[in-house]
Amino acid sequence: MERVRWGIIGAGWVADLVAADFRFVRNSELVAIGSRDLEKAQNLAAKHRVPKAYGSYLELLDDPDIDVVHIATPHPHHRDVALAAIERGKAILVEKSFTATHDGAVQVVRAARDQGVFCMEAMWTRFLPAIAAAREVVAWGRIGEVLGVQGDLCAYREYDPAHRLFSLETAGGAILDLGVYVLSFAQLFLGEAQTINCVGRLNPNGTDAAAAISIGHTGGGLSALACGFDGHGPARMSIYGTKGWIEVEPRFHHPTTLSVHRTGVLPRIIEARMTGRGYAHEISEVSERLLAGDTESSIMPLDDTLEVMRVMEECLDQIGVRHQEVELNLR
């Protein structure tokens, strides 16, 4: 195998963005779009010159010419689509949030590991050059021992209970859609959460509009994080340590610039541009891992995904929000 053949399940906004970045990846080819709405699949396929369009998830999953499936459906559909793909031996890249529930994530990870099938969460920010640079700065000890992470991801959206971002049926809300970014960032630099405290505001339909999250991590680090759809914010993240700190300039989930600050030293500015809209980096990672015969990514390992899902579910429990997976019966 020299080129990895991809299919995307889902034909919405995220699928459109990801499809556009395949032209920047040398070892990957997008060959099919699948949706329960055939017309939407056909329109997206035509837009990106993808040769095949399917009007059901199963049709795409049963295509023998597809090596890996990017699952870009609403959160509660991820589990069953992922399990059906694994059953057919297809590698999967699953959009965040990985599933609607922690238990759903455990089921998918267990199935992938049992079957020896590649599986990864589509936390694309971890693969961006700027975040890679931040990891290197930390690894070199430039800011000393890492003590904490602070930051937010607030992105105002007008409340619409019928929209995917706010609907209970699609597991909408700020924590699964925005909080996943800040929590994954904190987990990347601080590791497992030991104590979790979350307060939030709810929308009229009971979904979470905003949340403030404080975490004590097992290594002693502390994180103070916020997310929300009902207000505006800078979307800046800071990593601080015993010798200095790193600022990931807004908006941190698609960053191009870092500043490294140390006592008595002028700040160092690091610019690291992304390719395309930034999704090319995760696409390339998945394809490279498949070509190497790997079943997980060391940059976005499944244990990290399970940990972030655990923390998000605890946060949702604390503010009184419960989500469920949707039974799709994909057999």
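Basis for what follows: all heavy atoms, side chains included, without hydrogens, waters or symmetry-related copies.
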*Asks:* Between Arg23 (side chain only) and Ala20 (backbone N and O only), is there a donor and an acceptor less than 3.5 Å apart?
*Replies:* yes

*Asks:* Roughly how far apart are Ile175 CD1 and Leu183 CG, rounded to 0.5 Å?
*Replies:*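 Taking CD1 in Ile175 and CG in Leu183, the distance rounds to 8.0 Å.
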
*Asks:* Can you say whether the rings of His163 and Phe166 are parallel (under 30°), tilted (30 to 60°) or perpendicular (over 60°)?
*Replies:* perpendicular

*Asks:* Atom CG of residue position Leu266 - does it have more than 12 heavy atoms of other residues, nucleotides or ligands inside 6.0 Å?
*Replies:* no

*Asks:* May I ask you to check whether Glu285 and Ser297 show a side-chain donor-acceptor distance below 3.5 Å?
*Replies:* yes

*Asks:* Looking only at non-hydrogen atoms, find the nearest pair between His281 and Leu128 and report the distance.
*Replies:*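 Looking at all heavy atoms of both residues, the shortest contact is CD2-CD2, 3.7 Å.
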
*Asks:* Does Arg88 form a salt bridge (charged side-chain N to carboxylate O under 4.0 Å, His left out) with Asp62? I'd like the steps, not just the answer.
*Replies:* CA-CA 8 Å; Arg88 289 159 174 80; Asp62 286 332; 2.7 Å; yes

*Asks:* Before accepting this row, confirm whether a basic side-chain N of the pair Arg126/Asp304 lies closer than 4.0 Å to the acidic partner's carboxylate O.
*Replies:*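 Salt bridge: yes.
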
*Asks:* List the atom of Val248, the atom of Ile131, and the distance in Å for their closest heavy-atom pair.
*Replies:* CG1-CD1, 4.4 Å

*Asks:* Is there a donor-acceptor contact under 3.5 Å linking the side chains of Glu325 and Thr101?
*Replies:*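 There is such a pair between these side chains.
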
*Asks:* So which heavy atom on Leu202 is nearest to which on Asp208, and how close?
*Replies:* CD2-CA, 3.9 Å

*Asks:* Taking Glu121 for the side chain and Met300 for the main chain, is one N or O donor matched with an acceptor at less than 3.5 Å?
*Replies:*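 No: the side chain of Glu121 does not pair with the backbone of Met300.
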
*Asks:* Do Arg36 and Ser56 come close enough that some side-chain heavy atom pair is under 4.5 Å?
*Replies:* no

*Asks:* Less than 4.0 Å between a side-chain N and a carboxylate O, is that true for Asp63 and Lys52?
*Replies:*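 Judged by the 4.0 Å cut-off on N to carboxylate O distance, Lys52 and Asp63 do form a salt bridge.
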
*Asks:* Within this structure, what is the SG-CE distance for the pair Cys227 and Met312, rounded to the nearest 0.5 Å?
*Replies:*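 These two atoms lie 10.0 Å from each other.
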
*Asks:* Evaluate the ring planes of His232 and Tyr156, with Trp represented by its six-membered ring, and classify them as parallel (under 30°), tilted (30 to 60°) or perpendicular (over 60°).
*Replies:* parallel

*Asks:* Verify, without hydrogens or angle tests, whether Arg201 (side chain) and Gly228 (backbone) share a donor-acceptor contact under 3.5 angstrom.
*Replies:*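 Side chain of Arg201 to backbone of Gly228, a donor-acceptor pair under 3.5 Å: no, none is there.
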
*Asks:* Could you tell me whether a side-chain N or O of Ser214 sits under 3.5 Å from a main-chain N or O of Asn197, the two making a donor and an acceptor?
*Replies:*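 Judged by distance alone, no pair lies under 3.5 Å.
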
*Asks:* Does some side-chain heavy atom of Val108 sit less than 4.5 Å from a side-chain heavy atom of Thr99?
*Replies:* yes

*Asks:* Whether the side chain of Asn205 engages the backbone of Thr207 through a donor-acceptor N/O pair (distance < 3.5 Å, no angle test) should be reported.
*Replies:*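 A pair under 3.5 Å: yes.
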
*Asks:* For Ser35 and Asp37, what are the C-alpha separation, side-chain angles and deciding distance, and is it a side chain to side chain donor-acceptor pair (under 3.5 Å)?
*Replies:* CA-CA 5 Å; Ser35 170; Asp37 184 329; 5.6 Å; no

*Asks:* Look only at the side chain of His78 and the backbone of Phe98, and say whether a donor-acceptor pair between them is shorter than 3.5 Å.
*Replies:* yes

*Asks:* How long is the span from the CZ atom in Arg135 to the CD1 atom in Ile299, to the nearest 0.5 Å?
*Replies:* 6.0 Å

*Asks:* Salt bridge (charged side-chain N to carboxylate O under 4.0 Å, His left out) between Asp16 and Lys47: does it pass, once the steps are laid out?
*Replies:* CA-CA 9 Å; Asp16 186 21; Lys47 178 179 179 179; 2.9 Å; yes

*Asks:* Any ion pair linking Asp67 and Lys90 (charged N to carboxylate O, less than 4.0 Å)?
*Replies:*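 A salt bridge is absent here (no side-chain N lies under 4.0 Å from a carboxylate O).
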
*Asks:* Decide yes or no for Gln318 and Glu313: does some side-chain heavy atom of the first lie under 4.5 Å from some side-chain heavy atom of the second?
*Replies:*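 No; the side chains remain at least 4.5 Å from each other.
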
*Asks:* Tell me whether the centres of the aromatic rings in Tyr181 and Phe185 are closer together than 6.0 Å.
*Replies:*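 Ring centroids of Tyr181 and Phe185 are no less than 6.0 Å from each other.
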
*Asks:* Looking only at heavy atoms, which two atoms of Leu30 and Ala19 are closest? And how far apart?
*Replies:*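 Result for this residue pair: CD2-CB, 3.7 Å.
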
*Asks:* Could you tell me which non-hydrogen atom of Val14 sits nearest to which non-hydrogen atom of Ala72, and how far apart they are?
*Replies:*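 Reported closest heavy-atom pair: CG1-CB, 4.4 Å.
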
*Asks:* Are any non-hydrogen side-chain atoms of Pro255 and Glu249 less than 4.5 angstrom apart?
*Replies:* no

*Asks:* Is there side-chain contact between Leu316 and His323, with heavy atoms separated by less than 4.5 Å?
*Replies:* yes

*Asks:* Please test Trp6 against Ser287 for side chain to side chain donor-acceptor pair (under 3.5 Å), starting from the C-alpha separation and ending with a verdict.
*Replies:* CA-CA 9 Å; Trp6 287 69; Ser287 292; 3.1 Å; yes

*Asks:* Whether the side chain of Asn27 engages the backbone of Arg3 through a donor-acceptor N/O pair (distance < 3.5 Å, no angle test) should be reported.
*Replies:*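 No: the side chain of Asn27 does not pair with the backbone of Arg3.
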
*Asks:* If we ignore hydrogens and angles and just use 3.5 Å, is the side chain of Ser223 paired with the main-chain N or O of Val149 as donor and acceptor?
*Replies:* no

*Asks:* Angle between ring planes, His261 versus Trp245, binned at 30° and 60°: parallel, tilted or perpendicular?
*Replies:*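 Rings of His261 and Trp245: parallel, under 30°.
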
*Asks:* I would like to know whether Met120 and Val286 meet side-chain contact (heavy atoms from CB on, under 4.5 Å); could you show each step before the answer?
*Replies:* CA-CA 8 Å; Met120 192 183 90; Val286 173; 3.7 Å; yes

*Asks:* Is there a side-chain contact between His75 and Thr170 in this structure, where contact means two heavy atoms from C-beta onward sitting under 4.5 Å apart?
*Replies:* no

*Asks:* Counting heavy atoms not belonging to Glu136, are there more than 12 under 6.0 Å from its CD?
*Replies:*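 It does: Glu136 CD has more than 12 such atoms within range.
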
*Asks:* Run the side-chain contact (heavy atoms from CB on, under 4.5 Å) check on Arg236 and Phe252 step by step: do they pass?
*Replies:* CA-CA 5 Å; Arg236 179 188 300 272; Phe252 86 87; 6.0 Å; no

*Asks:* Can you check whether Gly278's main-chain N or O pairs, donor with acceptor, with Asp21's side chain at less than 3.5 Å?
*Replies:*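 Side chain of Asp21 to backbone of Gly278, a donor-acceptor pair under 3.5 Å: yes, one is there.
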
*Asks:* Please walk me through it: do Leu61 and Ile9 pass side-chain contact (heavy atoms from CB on, under 4.5 Å)?
*Replies:* CA-CA 9 Å; Leu61 291 174; Ile9 288 186; 3.7 Å; yes

*Asks:* For Ile215 and Val311, run side-chain contact (heavy atoms from CB on, under 4.5 Å): C-alpha distance rounded to whole Å, both residues' side-chain angles, the deciding distance at 0.1 Å, then the answer.
*Replies:* CA-CA 9 Å; Ile215 298 175; Val311 174; 3.9 Å; yes

*Asks:* Looking at every non-hydrogen atom in both residues, tell me the closest pair between Ile143 and Val138 and how far apart they are.
*Replies:* CD1-CG2, 4.2 Å

*Asks:* Hey, are Glu327 and Arg79 close enough for a salt bridge, meaning a charged N less than 4.0 Å from a carboxylate O?
*Replies:* yes

*Asks:* Please check this pair: side chain of Ser97 against backbone of Leu176, looking for a donor-acceptor N/O pair closer than 3.5 Å.
*Replies:* yes

*Asks:* Rounded at 0.5 Å granularity, tell me how far CG in Leu38 sits from CD1 in Ile33.
*Replies:*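 Between Leu38 CG and Ile33 CD1, I get 12.0 Å after rounding to 0.5 Å.
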
*Asks:* Rounded to the nearest 0.5 Å, what's the gap from CG on Leu58 to CG on Asn329? Could you check?
*Replies:* 10.0 Å

*Asks:* Taking only Lys NZ, Arg NE, NH1 and NH2, and the carboxylate oxygens of Asp or Glu, determine whether Asp303 and Arg113 approach each other closer than 4.0 Å.
*Replies:* yes

*Asks:* Under a 4.5 Å cut-off applied to non-hydrogen side-chain atoms, are Phe118 and Arg289 in contact?
*Replies:*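 Yes, close enough: below the 4.5 Å cut-off.
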
*Asks:* Does a donor on one side chain sit under 3.5 Å from an acceptor on the other, for Thr125 and His254?
*Replies:*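 Distance-only check fails for Thr125 and His254.
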
*Asks:* If you measure from the Lys or Arg side-chain nitrogens to the Asp or Glu carboxylate oxygens, is any gap between Arg164 and Asp177 under 4.0 Å?
*Replies:*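 Asp177 and Arg164: salt-bridged.
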
*Asks:* With a 4.5 Å heavy-atom cut-off, do Thr263 and Lys243 have their side chains touching?
*Replies:*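 Answer no - side chains too far apart.
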
*Asks:* Rounded to the nearest 0.5 Å, what separation is found between the CZ atom of Phe189 and the CG atom of Leu147?
*Replies:*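 Output value for this atom pair is 14.0 Å.
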
